[in-house]
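Data first, discussion second: the structure below is written as structure tokens.
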Amino acid sequence: MFALCDCNNFYANCERVFNPSLNNKPVIVLSNNDGSIIARSNEAKALGIQMGQPYFQARKVIEEHKVAVFSSNYELYGDMSNRVMTVLSGLAPETEIYSIDECFLGFPGWQEAELLTYAQDIKEKVKNWTGIPVSIGLAPTKTLAKAANKVAKKSEKVCLIRESSDIDSLLENLPIEELWGIGRQYAKLLKANSIHTALQFKNMPDGWIHKHLTIMGLRLAYELRGVSCLPLEKVQQTKKAICTSRSFGHYVSTYTEMEEAVSSFVFKCSEKLRKEGTAASVVTVFIHTNTFNTTLPQYSNSQTLRLPVATDSTPELIHYVLKGLKAIYKPGYAYKKAGVIVTGIVPNHAIQQNLFDEVDRAKHTQLMTTIDQINKRLRKHTDKFQSPVKFAVQTHSTKEANWPMQRKYLSPCYTTRWDQVLKAS
DNA sequence: TCTGGGGTCCTAGGACCC
DNA sequence: TCTGGGGTCCTAGGACCC
């Protein structure tokens, strides 16, 4: 069984922990430059204030109802998040930190009855020890736990879903656009095909789902059917990309100012790299004008540069990023946003260790053999699938970084899932 | 006047190699 | 003269998440 523990209105409640007089009052938190609304307490939601809404648009309601307004304080939220996660990892046998305010918990082999009371206990302890209220949903797969959590949010109780009849009624009442993994585009597509609830989606044929929503959609459908395809990621992976970007509070229209801003982004990126113990071998710099103001001339561009050797050093990275910036910067525009992304990330210490290389090669050979076998078997069943199934190993070469290890992603559920499909056919 | 920031994964296709 | 299969590496773009 999986649980999803989600902090309620996280940023708003972080502010409340340090200012209890705000309890039961509307609270909102604003983005950088106080541009838009990124968190709302229940009371603020009830006033009709929308997530992501520009601050100036909601200003009237905010003043009318004396809503408490905060500029975002990410250090505080990060710190509160750490406290919550620490409590959770002390209480649950397995945990996966999914985001700043969400954590998956694993309870392998636990009985339903004890789990329900135990989860209730966790909820209370987190509230008492950190001040942050949380919701917990329990179910056989992560996707179902996410859905159960939505119910838990409304009822203030832990929600446990197990029996298939419970699952079906849960999904029947879940609009398709609220399903984890279905965004705006997919919701549009599905509705156009008369799929309005998660239950309807669950019952669609595999071939159709794979054709229109790729492998992600199929995985999602299996998860809804109670087949777990998304394992708990117990160890936190190092980041594959690190990005620092900002919207400017005012327009930037000189190269000097842009150079200064971009340099500070690089500084932050390299800081994050060092914190993770990694180094980057590719950098991207991008700039653009205000996309909301269509009366101004628009321009946006980016440039990606490959470094000769992976590095985490600020001056080295700045050297390449500024080279890129010079190539794309055009005078005469009012720039509103810029950013730096570093990728081609390798473990910093690993460069001296060729050990990794051998382990990886062995794994790779094994992987390719497995994929080959599955593909052969699948070809016999092509009529079951409207498009041929392609198994791919995505590789990310870091050769230029003097590091021979290749990075791959191939989710384990590829093999298990298709094995099940084949067994069934 | 004023519209966030930081990530993940998948797919298709081209260049190239043996 | 005619015609391949299997694989790597990379890029661009699209979808999604919080």
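Everything quoted here is computed from the prediction, not taken from an experiment. Just so we're on the same page: letters track the sequence lines, and every chain starts at 1. What's counted below: heavy atoms across the whole structure, side chains too, no hydrogens, waters or symmetry copies.
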Problem - Length of the CD-C1' vector between A:Q237 and B:dT8, whole Å - result: 12 Å

Handout entry: Euclidean distance, atom CD1 of residue A:I215 to atom P of C:dA15 [Å, nearest integer]
Key = 18 Å

Exercise for the section: For A:H210 and B:dC10, give me the distance from atom NE2 to atom P, rounded to whole Å. Expected result: 11 Å

Problem - Any A:R219 side-chain N or O less than 4.0 Å from OP1/OP2 of B:dC10 - result: yes

Practice task
Tell me which of A:N290 and A:M216 sits closer to the 5' end of DNA chain B, going by the nucleotide each one is nearest to.
Solution key: A:N290

Exercise for the section: Ignoring backbone atoms, test whether A:K239 places a side-chain nitrogen or oxygen under 4.0 Å from the OP1 or OP2 oxygen of B:dC9. Expected result: no

Exercise for the section: Would you classify A:D101 as touching base, sugar-phosphate or nothing, given that sugar-phosphate means primed atoms plus P, OP1 and OP2, and contacts are heavy atoms under 4.0 Å? Expected result: sugar-phosphate

Exercise for the section: Flag the pair A:R219 / A:T143 as yes when at least one side-chain heavy-atom distance between them is below 4.5 Å, and no otherwise. Expected result: no

Exercise for the section: Have a look at A:F10 and say if it touches a base, only the backbone sugar-phosphate, or nothing, with a 4.0 Å heavy-atom cut-off. Expected result: nothing

Exercise for the section: Rounded to the nearest 0.5 Å, what's the gap from SG on A:C159 to CG on A:L4? Could you check? Expected result: 11.5 Å

Completion exercise
Rounded to the nearest 0.5 Å, the NZ atom of A:K336 sits from the NE2 atom of A:H250 at a distance of 9.0 Å

Exercise for the section: Name the nucleic acid region contacted by A:T244, choosing base, sugar-phosphate or nothing; use a 4.0 angstrom heavy-atom cut-off, strictly under. Expected result: sugar-phosphate

Practice task
Look at A:K337 and B:dT3 and indicate whether a side-chain polar atom (N or O) is within less than 4.0 Å of OP1 or OP2.
Solution key: no

Practice task
Pick base, sugar-phosphate or nothing for A:E102, based on heavy-atom distances below 4.0 Å to the nucleic acid.
Solution key: sugar-phosphate

Fill in the blank from the handout: Comparing A:S245 with A:Q57, nearest DNA chain B nucleotide closer to 5' gives the residue A:Q57

Completion exercise
Dot-bracket for DNA chain B, 5' to 3', Watson-Crick and G-U pairs with both distances under 3.5 Å, [ ] for crossing pairs, | for partner on another strand, reads ....||||||||||||||

Problem - Reported OG-to-OH distance for the pair A:S41 and A:Y11, which is rounded to 0.5 angstrom - result: 15.5 Å

Practice task
Taking the six-membered ring of A:F56 (Phe, Tyr or Trp), confirm whether the NZ or CZ of A:R59 is under 6.0 Å from its centre and within 45° of its axis.
Solution key: no

Exercise for the section: Please determine, by modelled atom types, if A:Y255 and A:E260 share a side-chain donor-acceptor pair under 3.5 angstrom. Expected result: no

Exercise for the section: Measure from the side chain of A:R246, starting at C-beta and using heavy atoms only, and say which of C:dC17, B:dG5, B:dT11 lies closest. Expected result: B:dG5

Handout entry: Between A:H196 and A:E177: side-chain donor-acceptor atoms closer than 3.5 Å
Key = no

Practice task
Establish, with yes or no, whether the OP1 or OP2 oxygen of B:dC9 is under 4.0 angstrom from a side-chain nitrogen or oxygen of A:K240.
Solution key: yes

Problem - Any side-chain donor near an acceptor of the partner, A:S135 and A:D6, under 3.5 Å - result: no

Exercise for the section: Specify the residues of residues 182-202 of chain A, ordered by number, for which at least one heavy atom lies under 4.0 angstrom from an atom of DNA chain B. Expected result: none

Exercise for the section: Take the protein atom CD of A:Q303 and the nucleotide atom C1' of C:dA12, then report the distance between them rounded to whole Å. Expected result: 15 Å

Exercise for the section: Would you kindly give the CH2-to-P distance between A:W180 and B:dC9, to the nearest whole Å? Expected result: 12 Å

Handout entry: Min side-chain heavy-atom separation A:Y333-A:I287 under 4.5 Å
Key = no

Problem - Between C1' of C:dC17 and CG of A:N149, the distance in whole Å - result: 15 Å

Problem - Span that lies between the C1' atom of B:dG4 and that of C:dC17, in whole angstrom - result: 15 Å

Exercise for the section: Measure the distance from CG on A:L218 to C1' on B:dT11 and round it to the nearest whole Å. Expected result: 15 Å

Exercise for the section: Describe the nucleic acid contact of A:Y55 in one word from base, sugar-phosphate, nothing, applying a heavy-atom distance below 4.0 Å. Expected result: nothing

Handout entry: Side-chain donor-acceptor pair present, A:S270, A:T314, cut-off under 3.5 Å
Key = yes

Practice task
For A:L220, answer base if it contacts any base atom (sugar-phosphate contacts may also be present), sugar-phosphate if it contacts only those atoms, and nothing otherwise; contact means non-hydrogen atoms under 4.0 Å.
Solution key: nothing

Practice task
Among the candidates B:dG4, C:dC17, B:dG7, find the nucleotide nearest to the side-chain atoms of A:S31.
Solution key: B:dG4

Practice task
For the residue pair A:T256 and A:E259, confirm or rule out a side-chain donor-acceptor distance under 3.5 Å.
Solution key: no

Exercise for the section: Would you tell me if any nitrogen or oxygen in the side chain of A:T304 comes within less than 4.0 Å of OP1 or OP2 on C:dT11? Expected result: no

Exercise for the section: Check the distance between B:dC9's P and A:K142's NZ and give it to me in whole angstrom. Expected result: 11 Å

Practice task
With heavy atoms under 4.0 Å as the rule, sort A:L30 into base, sugar-phosphate or nothing.
Solution key: nothing

Exercise for the section: Could you check whether A:K268 gets within reach of a base, just the sugar-phosphate, or nothing at all, counting any heavy atom under 4.0 Å? Expected result: nothing

